[in-house]
Amino acid sequence: QSQLVESGGGLVQPGESLRLSCATSGFSLDYFAMAWFRQAPGKEREGVSCITNTGGITNYADSVKGRFTISRDNAKNTVYLQMNSLKPEDTAVYYCAGAAKAVNYCPVGNVKWYDYWGQGTQVTVSS
């Protein structure tokens, strides 16, 4: 009964911000590395960010570094992606992913490393 449910997507103009949430259930988030991926139409799924189970390590794709921030609140079973200074090229379906790993690293963009996936939430950045 492990589930990840994304929310917070929507339509925004360039330069604006969104915060995505990933609500998890069915497992202890304390033992899961988490990540955000995104997939634009006609494109492969790409890694955006990841965070270790404790939040001690975060990694970002170069394309979002300095603009996006991943965080987690294990007590609330929730992972967040704060997206600032959004650009049209950020338009995609954003997916939350989890890995049953309690290690001090996480890979950005390694789809196969992550075991659990949400259904995705659409982010559209357009004028």
Looking at every non-hydrogen atom in both residues, tell me the closest pair between [X] and [Y] and how far apart they are.
| X | Y | result |
| --- | --- | --- |
| L4 | Q119 | O-OE1, 3.6 Å |
| P107 | W113 | CD-CE3, 3.3 Å |
| D73 | L29 | O-CD2, 4.4 Å |
| P14 | S127 | CD-OG, 3.7 Å |
| L86 | R67 | CA-NH1, 3.8 Å |
| S2 | Y116 | CB-CE2, 3.8 Å |

Mind checking whether F37 and W117 have parallel, tilted or perpendicular rings, split at 30° and 60°? tilted
Is a side-chain donor or acceptor of [X] paired with a backbone partner of [Y] at a separation under 3.5 angstrom?
| X | Y | result |
| --- | --- | --- |
| R72 | G55 | no |
| T124 | T91 | no |
| N59 | C106 | yes |

I'd like to know whether E6 forms a side-chain contact (heavy atoms from CB on, under 4.5 Å) with L20, so could you lay out the CA-CA distance, the side-chain angles of the two residues, the decisive distance to 0.1 Å, and finally the verdict. CA-CA 7 Å; E6 303 95 332; L20 305 183; over 6 Å; no
Counting neighbours of CD on E89 that are heavy atoms of other residues, nucleotides or ligands and sit closer than 6.0 Å, is the number greater than 12? yes
Is the number of heavy atoms from other residues, nucleotides or ligands within 6.0 Å of NZ (K65) greater than 12? yes
With S17 via side chain to side chain contact (heavy atoms under 4.5 Å, CB included) - residues at least two apart: Q82, N84
Suppose we screen for ring pair (Phe, Tyr, Trp, His ring centres under 6.0 Å). Which residues come up paired with Y95, at least two apart in sequence or across chains? none
Output all residues satisfying ring pair (Phe, Tyr, Trp, His ring centres under 6.0 Å) with Y80, sequence neighbours left out; order by chain, then residue number. none
Of the options T24, T78, N74, N53, which is the one that meets M34 in a side-chain contact (heavy atoms from CB on, under 4.5 Å)? T24
Tested for side-chain contact (heavy atoms from CB on, under 4.5 Å) against T58, the lone hit among T69, I51, V108, T52 is I51
Check whether any side-chain heavy atom of D90 sits under 4.5 Å from a side-chain heavy atom of M83, and report yes or no. no
Nearest-0.5 Å distance, NZ of residue K87 to OG of residue S126: 16.0 Å
From CG (N77) to OG (S28), nearest 0.5 Å: 7.5 Å
Could you check S49 against F68 for side-chain contact (heavy atoms from CB on, under 4.5 Å), going step by step and ending with a plain yes or no? CA-CA 8 Å; S49 184; F68 291 10; 5.9 Å; no
The test is side-chain contact (heavy atoms from CB on, under 4.5 Å); show your working for S63 and R38 and say whether it passes. CA-CA 12 Å; S63 58; R38 66 187 183 187; 3.5 Å; yes
Is there a continuous path of hydrophobic side-chain contacts, each under 4.5 Å between heavy atoms, that joins V12 to Y94? yes
Joint cluster assignment, V111 & Y60, ILVMFWY side-chain distance < 4.5 Å: no
